[in-house]
Number of protein chains: 2
Amino acid sequence: MNETGGPIVPFNNRDPVYLQVVRHFKVEIATGKLTAGQVIPSRRELAALMNINPNTAQKAYKEMEDQLLIVTEGNSPSRVTTDERILGVVREELISEAVDAFVASVRLIGVPVDELLHVVKRKYETMHSQHKEAES
Amino acid sequence: MNETGGPIVPFNNRDPVYLQVVRHFKVEIATGKLTAGQVIPSRRELAALMNINPNTAQKAYKEMEDQLLIVTEGNSPSRVTTDERILGVVREELISEAVDAFVASVRLIGVPVDELLHVVKRKYETMHSQHKEAES
DNA sequence: GTGTGTGTACTATGTAGTTCATACACCAAT
DNA sequence: ATTGGTGTATGAACTACATAGTACACACAC
């Protein structure tokens, strides 16, 4: 599998790869696996790791630099920003974006709040247990 | 506005237009605005209504026929299927798809269920009140 | 029959977005 | 200075989608 050169990492095909890479790093930051000032792989290293094109990695890093998530001085390896104010909102941003998209998609259907919350809770716990099973 | 020939209806630009048209009809069905056996506009009428290309309308209708949502006999106008089993699951499908996508997007972040439900509820009620304001 | 409207099918074109291939400038170590 | 590693820039290639244009077969009304 993956002889075709496609990405290894859990990528869907609806969203651009470079944005999914950005999201991947945001999750790493939000969950504390990446901390302030920590060095991240070079463009080419990341490309090899994720089996994507170096330019795609570059585009993702460029996007993260525009969002002030990472910093790059000269040609030393890029690092996660040390600005705690920025890091602190990453988690909330991720959650908020997901919730916004979700609510927007069900708004027109007119689902009662109670039913909605119930379905979410059920699905969430189901996936969580499946996740645990997969790891064991 | 819309002199350019773009769609009038609330379409985003990430998803293909024809799929958003399909979704539009599914919502109409789910909310009871479209009922079993009801006649829907012809391809050319819909194209004029939504300000899209007739081929895009055709593609949407073709997709709905493949999903057995509508039926077309000869060249009489297409109608919503009378199969209640199919109509009955449209609403649940819409909700389930939205929930699946949502849960998948937040799963990696590891948000506690309680926090998640709280944020959803807050956002949902906010949007709902805004919706009411916009209508008044 | 004529005309109009239906669904359907096919090709071609334009466009936007993504990814790829390549090249360049810089720095550091050997 | 040469080699190998950075980050960076640019243009080509490719894909998906929407659109335009045209055509055909059918049915119903006049």
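Numbered from 1 within each chain, the chains take letters A, B, ... in sequence-line order.
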Give each protein N/O atom lying under 3.5 Å from an N/O atom of nucleotides 12-15 of chain D, with the pair distance.
none

Send over the distance from [X] [atom1] to [N] [atom2], rounded to a whole Å.
X: B:K59; N: D:dA20; atom1: NZ; atom2: C1'; value: 15 Å
X: B:N51; N: D:dT19; atom1: CG; atom2: C1'; value: 12 Å
X: B:D15; N: C:dA16; atom1: CG; atom2: C1'; value: 15 Å
X: B:L46; N: C:dG5; atom1: CG; atom2: C1'; value: 16 Å
X: B:E73; N: D:dC28; atom1: CD; atom2: C1'; value: 16 Å
X: B:I70; N: C:dT8; atom1: CD1; atom2: C1'; value: 13 Å

Discussion item. So that I can tick it off, tell me whether B:R43 and B:E65 are bridged by a salt bridge, with the cut-off set at under 4.0 angstrom between side-chain N and carboxylate O.
Written reply: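 Salt bridge present between B:E65 and B:R43.
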Worksheet item: Going by an N to O cut-off under 4.0 Å, is there a salt bridge joining A:E97 and A:R23?
Response: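 Looking at A:R23 together with A:E97, the answer is no, because their closest N to O distance does not fall below 4.0 Å.
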Practice prompt. Determine whether the aromatic ring centres of B:Y124 and A:F102 lie less than 6.0 Å apart.
Written response: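 Here the rings of A:F102 and B:Y124 have centres that are no less than 6.0 Å from each other.
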Practice prompt. Heavy atoms under 4.0 Å is the rule here; annotate nucleotides 3-9 of chain D 5' to 3' with B where the base is hit, S where only the sugar-phosphate is, and - elsewhere.
Written response: --BBBBB
Item to complete: Return no unless some side-chain N or O of B:T56 is found under 4.0 Å from OP1 or OP2 of D:dC17.
Response: no
Practice prompt. Report yes or no: does B:Q20 contribute a side-chain atom to a donor-acceptor pair with the main-chain N or O of B:D15 at less than 3.5 Å?
Written response: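 Checked: pair present.
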Worksheet item: Within the distance-only criterion (no hydrogens, no angle test), does the side chain of B:T56 pair as donor or acceptor with the backbone N or O of B:I52 below 3.5 angstrom?
Response: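 No, B:T56 side chain to B:I52 backbone: no donor-acceptor pair under 3.5 Å.
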Worksheet item: Going from CD1 on B:I86 to CD1 on B:I70, what distance comes out if it is rounded to the nearest 0.5 angstrom?
Response: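 Here the interatomic distance stands at 11.5 Å.
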Item to complete: Report the distance from atom OG1 of A:T72 to atom NZ of A:K62, rounding to the nearest 0.5 Å.
Response: 11.0 Å
Give the table of side-chain donor-acceptor pairs shorter than 3.5 Å for residues 27-41 of chain A, with sequence neighbours excluded, one pair per line with atom names and distance.
from, atom 1, to, atom 2, distance (Å)
A:T31, OG1, A:V27, O, 2.8
A:T31, OG1, A:E28, O, 3.3
A:T35, OG1, A:Q38, OE1, 3.1
A:Q38, OE1, A:T35, N, 3.0

